[in-house]
Every structure is written in structure tokens, then in C-alpha cells.
Amino acid sequence: MQHIEQPTIVTVKEVIKESSNFKTFVLDYPLDAKPGQFLMVWLPGVDSKPFSVAWQKENEFAIGVIKVGPYTKELFKLKKGDKLGFTGPYGTSYNFEDKKKILILGGGSGIASVTYLAQRARENNIEVDFLIAAKDKKSIVYEKWLEDQGINVIHRFKKNNHERAWDMFKELSSNNYDSWYACGPELLLKKIVDLSIEKKTKCQVSLERYMKCGIGVCGSCCVDPLGICLCQAGPVVNATFANNISEFGEYYRDGSGAKVNFK
Amino acid sequence: MINLEIKINNLKLKNPTILASGILGVSSASLNNVVRNGAGAVVTKSISKEPRKGHPSPIIATYEEGMLNAVGYPNQGSIKASQEFSNVADIEAPVILSIIGQKEDDFKAVYNELKNCNFKAIEVPLSCPHTPGYGTMGGQHTPEMATKITKTLKEITDLPIWIKLSPNENLVEVGKAAEAAGADAIVAGNTMGPGMIIDIDTYKPVLGFGMGGVSGPALRPIAVRCVFDLYKAVKVPIIGCGGVTTGRDLIEMMMAGATGIGVGTAVLDRSVNVFSQIMKETEEWLKENDFKKIEDIIGLTHK
């Protein structure tokens, strides 16, 4: 076989508690991923799930995890010195190298897909405005980490600005950005994509589908009506591509392949 | 022009390649995408009466010579599947329904739920090596079970019934029993094993289920021998399946006696476009060797 798919085992170097249910796991490995790409993170005997790379340095990288179910509950038990496995990196990445000024939105666990984009953008001296979409003040994560890199962070709990993320995004979008990037709740992504097409602004979003194999074989992440696997054609797609996916903003498929509607 | 068409039962395929069940095939759109990439026919992921979530990940691991999988038959169950696949007649190649069950009534129930979806044949795997209650783990790979399940389906449908066998053992015996019970074609075969890959740093099996069926190049010579043996034992068409990755592999399997060729694991190494690639390579070989019809190479090794 040309592709050997077996996990690489890495040691947890540090666990950072970002909020009551969000942790960053720093892993001891010189990963070579591009912003937006993901890994299948393996807990031996438990399961393996997709995670974007939250940031990457020369000899270490991180994933950001929200505690949502049995798998992440097990993952949250890991401490410094414990081991886990991964395969990947898989999938497409954000195009940003030629930009001067960009707008990024990150929401929910999706924020840990665009933080790495923000890191690389700053290393390329690109001006970055970063809008965090969060329900409440205590779920704001990575604010200081972003600011330390010279990124302008905006969210509704700053300066008593209580507008919804979408309203803030619309307002910001009138500034002249070379491109927008977003990862978060899909209904919000859909609005952003539609606005980018209307305003003819370049835009890339990262979409989440049920990924099991990561290598385009099992079909669990195939999207209608194209029938292609988002683990390879995605997770990062541009606005036109996103709107060619008829289920975008409408539904996704669960682990059995059944459709589940976005509310 | 070389004629690449083949016939299996009453089905005309534009070429012998058939998407093997379990690879892609989750939705109508997914099957359609495989057909756009050159497959002569496609088989759905196996459908059970009730929804199944499948095994935990990793569901796939590969090594130098092949692939292991333990996907565990995830599917949305027969009721939702009948909506998902309601329009398979729109797909420009025959679509084959793969049905799994434990009791005979399960097979009946799935068929009845999906009988108006315009499937062109039914495939029944008696041979999955890594799902408790089904296939080899469910004791289904015996002449007795092959007879029972084939007869059950033959009683309620006129569609061709294809029985998918295990390369592990009893293949010819079970194949002959299925043919005697009315099976219209034999698929030889499923993945072999199960096998196991252990991660030596954590001492744990890599696959979520621990073990999984072995496919890909490691399986190919065994699958070729299975087809060769079966060709001498049954009269119904054989669909050869196991490790076919290139045109050369397809030609070899047809010479052993296969009419149709299942392709699955090769999607990993050569992408979903592997069907077109295999057929392009096959056509070139046929041209160079002065064959006008691909049908003329079926069973050549026996002549």
C-alpha cells in the first residue's frame, strides 16, 4: 500500500484549561500540518475522532477540545506525560499567504481550527481581526493567546458590546478585508458564505461532518448532492464550493448515515 | 473499439468494475459519484432492518501489503434507507442492494422495505469476518445457512441474488449450496481473516474493534485462487473481489473465471477515479493483445 495508516504515538506535554469545558492539549511532536487540516486523534481502546490543529510550533502542536460526550470525557482525563495517538494530517487548508488584511470568525470548538490560521497569518505579517462567537463570557477562549500575537480580538462581551456574532460580523465586513475565514456553527457559516457571495469577497469556511476514516474510503462524510467525501475535499472549502453542497446549512449525517437537520 | 461490456444475469454493465459493498456507498449521491468515476455497477453499504452505528474508530488501518477494516455495518436502517435510495434508477449504472440480517425474517424485512427503489440485484454477504452476529462471526458461512438465506430471498423476489463468500474456508462448498438453492451469482469474496495490527508503543490493537478483515494486495492471490476453484465448481457468473488495483489485476481475475470485478481498497491508493484508471489500463492491454471483447478473457486460464 502507498498509504500506511497507523497511529503515531505522542506524549501530552501540557494541558491548558481554557474554560470550564475547554482544554488545550499540547503534544510533543514536530507536526507538519497546514492551517485548517485535521488529525484523527486516537485514544486506545476508546475511539478516534477528528480535531483541527489549534497551533503548531517547531517541536510541538496543540488541539483544542470541548467536552461534549463519552470520548471527550475520556480525553479530558489525560494529564501531562500521558500518551495518545494520531493519524493525519488530513484534508484541505486555508489559503492566506498572499493576503494583507483578513477577518477571522471562530465559534465553539471550531475556534481551534482558525487559531492556527491566525498564528500563521501573523508570522506572515498579515493584519488579523479575529471575531470570537460565544454564547456567554465564560466560554471565550484563546483571547489572550491571540492578543499576544498582535491580533485584534473582538467579541460581544468586550466594551459591553452585546450584539450577536452575526451582527458584529456584518458590521466588520464593511471594512476592506482581502478575505474572510470562519469555523463555527454551520447556520452562521451559511450566512457568512451568502454575504461573501453577495459582496464578492473571498471567503473560506471549515465544515464539520462525521469523519471516521479520514482517507476517503468509508464514505461517512460524503455530502449531497456531490457525493464526495469532505475529509478530502474539505474540511476547508471556499464559498462557491460550500454553496454547491445542497446540505450546507440544512443537514448533516450521523454515524449511521442518517440525516440530522440543523435547527 | 474494444467492447468492454459484460453481462451478469440480466444486467448489462458498461465494464466489469463494481464498487464493493462497504466502500463509500452511504448515499445515492455517493453511489452516483462512483459511477461518474467509471464503475460499471455499484453496491450499497449493507442495510440492516434497524439502524446501526458501527464499530468505534479507527475503523481502518493499513500496512505495507494491505488494509484492515472493522467498520461494523453502520447504516441508517431499512426505513430511512428506503428514502435515501428511493431514486437509484436515476443512477446511470445498475445499483445493487446489499442486505444483512441475523434471522431469515431480517432479510425479508429489509427487502420488503426497499423493494420499490429500483435496485437491479441483491447481494448477501455471508462472510463479514468482524461483526458479531453476522457473516463468519454469526455462523452464516455454511452450506446450510447459504441454502436457507438464498431460498428465503428467492421466494419473495425475482431480482438476481448474489451470495458473497469468505475466502477463509469452505468457499466452494458454500458456493455450490448457494447455487443449488437458486443464487444467480457468487461474489468471491469478502475480506479475509480477521487480522490484527498492534500498536507497539501502547500495546493495544489499532482498530477500534481490535481485529478486522484483510483486503488489498495481500488478499489478491487468495481471491484469484478462490475464483479459479469456484469457476470449476459452479455455472453461475462469478464476481471476483480482492485486491484488484490495476488493469493487470482485473485481467488476471477475469482469466481465473470472474465476469464482474469488485473494487474497494484500491480507492485508497488511487482515489475514487480508480475505476476509470483500471479500465483504461485494461483496454490498452486488450488492444495490444488483439482482443476485441473483454468477455473473451473470462476463464482463459482454464482453457
Side-chain angles (χ1 to χ4, degrees), chain A residues 1-11 40-50 70-71 74 82-88 209-233 245-247 251-260, chain B residues 22-36 45 50-69 71 73-77 80-81 83-84 197 199-208 210 216-218 245 264-265 267-272:
Chain A
M1 303 288 296
Q2 292 167 37
H3 303 270
I4 306 291
E5 293 290 332
Q6 287 182 34
T8 300
I9 305 301
V10 292
T11 305
M40 293 299 296
V41 175
W42 179 48
L43 288 180
V46 181
D47 210 334
S48 180
K49 297 277 183 192
Y71 171 89
E74 288 302 313
D82 288 342
K83 289 184 184 335
L84 55 74
F86 77 87
T87 53
R209 285 296 179 273
Y210 206 107
M211 287 170 189
K212 291 184 183 176
C213 79
I215 48 180
V217 172
C218 79
S220 72
C221 65
C222 68
V223 288
D224 289 338
L226 311 172
I228 57 177
C229 292
L230 214 57
C231 66
Q232 291 184 321
I245 300 171
S246 56
E247 66 178 64
Y251 61 88
Y252 64 96
R253 288 170 193 277
D254 67 13
S256 77
K259 293 174 188 174
V260 182
Chain B
I23 306 287
L24 304 169
V26 169
S27 60
S28 286
S30 173
L31 293 171
N32 216 348
N33 183 46
V34 176
V35 171
R36 278 197 299 271
K45 257 197 201 299
E50 304 295 337
R52 290 177 54 89
K53 208 167 171 274
H55 293 318
S57 285
I59 54 170
I60 289 172
T62 67
Y63 64 109
E64 292 75 2
E65 313 303 337
M67 177 172 115
L68 268 66
N69 91 80
V71 181
Y73 289 136
N75 76 92
Q76 42 189 323
K80 284 188 176 161
Q83 295 154 15
E84 179 62 52
I197 293 176
D199 175 70
I200 63 169
D201 292 323
T202 57
Y203 330 140
K204 293 283 192 288
V206 169
L207 290 174
T245 308
T265 302
V267 167
L268 176 55
D269 267 347
R270 303 188 77 185
S271 90
V272 67

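As the structure is a computational prediction, the values presented were derived from the model and not from experiment. Note on naming: letters A, B, ... go to the chains in the order of the sequence lines (proteins, then strands), and numbering restarts at 1 for each one.
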Checklist line | Minimum side-chain heavy-atom gap B:Met67-A:Glu5 below 4.5 Å | finding: no
Checklist line | Portion of B:Lys53 that has a non-hydrogen atom of chain A nearer than 4.5 angstrom | finding: both
Next item on the list: Measure B:Ile197 against the heavy atoms of chain A and call it side chain, backbone, both or neither at under 4.5 Å.
Entry: side chain
Check: For A:Thr87, is it the side chain, the backbone, both or neither that has a heavy atom under 4.5 Å from a heavy atom of chain B?
Finding: neither
Item checked: Residue selection (most heavy-atom pairs with chain A, distance under 4.5 Å) from B:Leu68, B:Thr265, B:Asn33, B:Thr62 -> B:Thr62
Next item on the list: Between chain A and each of B:Val71, B:Ile23, B:Asn75, B:Val272, count heavy-atom pairs under 4.5 Å; write down the option with the most.
Entry: B:Asn75
Check: Among B:Gly22, B:Ser28, B:Gly66, which residue forms the greatest number of heavy-atom pairs with chain A at distances under 4.5 Å?
Finding: B:Gly66
Checklist line | Nearest-0.5 Å distance, CD of residue A:Gln6 to CD1 of residue B:Ile60 | finding: 13.0 Å
Checklist line | Value rounded to 0.5 Å, distance of CD1 in A:Ile9 from NZ in B:Lys204 | finding: 11.0 Å
Notebook entry, point to check: Picking from A:Pro225, A:Gly216, A:Gly257, which has the most non-hydrogen pairs under 4.5 angstrom with chain B?
Noted result: A:Gly257
Checklist line | Contacting region of B:Val206 [heavy-atom separation from chain A under 4.5 Å] | finding: both
Item checked: Region of A:Pro7 in contact with chain B, defined by heavy-atom distances below 4.5 Å -> both
Next item on the list: Identify the two heavy atoms, one from A:Trp42 and one from B:Pro205, that lie closest to each other, and give their separation to 0.1 Å.
Entry: CZ2-O, 3.4 Å
Check: Roughly how far apart are A:Asp47 CG and B:Ile59 CD1, rounded to 0.5 Å?
Finding: 10.0 Å
Next item on the list: Evaluate the side-chain proximity of A:Gln232 to B:Ser271: yes if any heavy-atom separation is below 4.5 Å, no if none is.
Entry: no
Notebook entry, point to check: Side chain, backbone, both or neither: which part of B:Arg270 has a heavy atom under 4.5 Å from chain A?
Noted result: neither
Next item on the list: Count the heavy-atom pairs under 4.5 Å between each of A:Gly219, A:Gly227, A:Gly255 and chain B, then report the option with the highest count.
Entry: A:Gly227
Next item on the list: Name the option with the most non-hydrogen atom pairs under 4.5 Å to chain A; the candidates are B:Asn32, B:Asn69, B:Leu207, B:Thr202.
Entry: B:Thr202
Margin query: Can you tell me how far apart CG (A:Leu226) and OG (B:Ser27) are? Round to the nearest 0.5 Å.
Written below: 10.0 Å
Check: Got a second to check how far A:Met1's CE is from B:Leu268's CG, nearest 0.5 Å?
Finding: 4.5 Å
Check: With a 4.5 angstrom heavy-atom cut-off, which part of B:Asp199 approaches chain A: side chain, backbone, both or neither?
Finding: side chain
Next item on the list: Would you mind checking which part of B:Gln83 comes under 4.5 Å of any heavy atom in chain A, side chain (CB onward), backbone (N, CA, C, O), both or neither?
Entry: neither
Notebook entry, point to check: Under 6.0 Å from the CD1 atom of B:Ile200, do we count more than 12 heavy atoms belonging to anything else shown?
Noted result: no
Check: Side chain, backbone, both or neither: which part of A:Ile215 has a non-hydrogen atom closer than 4.5 Å to chain B?
Finding: both
Check: For chain B, which of A:Gly45, A:Cys229, A:Cys218, A:Cys222 has the most heavy-atom pairs under 4.5 Å?
Finding: A:Cys218
Next item on the list: Indicate yes or no: at least one non-hydrogen side-chain atom of B:Glu84 is less than 4.5 angstrom from one of A:Lys259.
Entry: yes
Notebook entry, point to check: Under 6.0 Å from the CZ atom of A:Phe86, do we count more than 12 heavy atoms belonging to anything else shown?
Noted result: yes
Checklist line | chain A contacts, top residue of B:Lys45, B:Arg36, B:Glu64, B:His55 (heavy-atom pairs, under 4.5 Å) | finding: B:Glu64
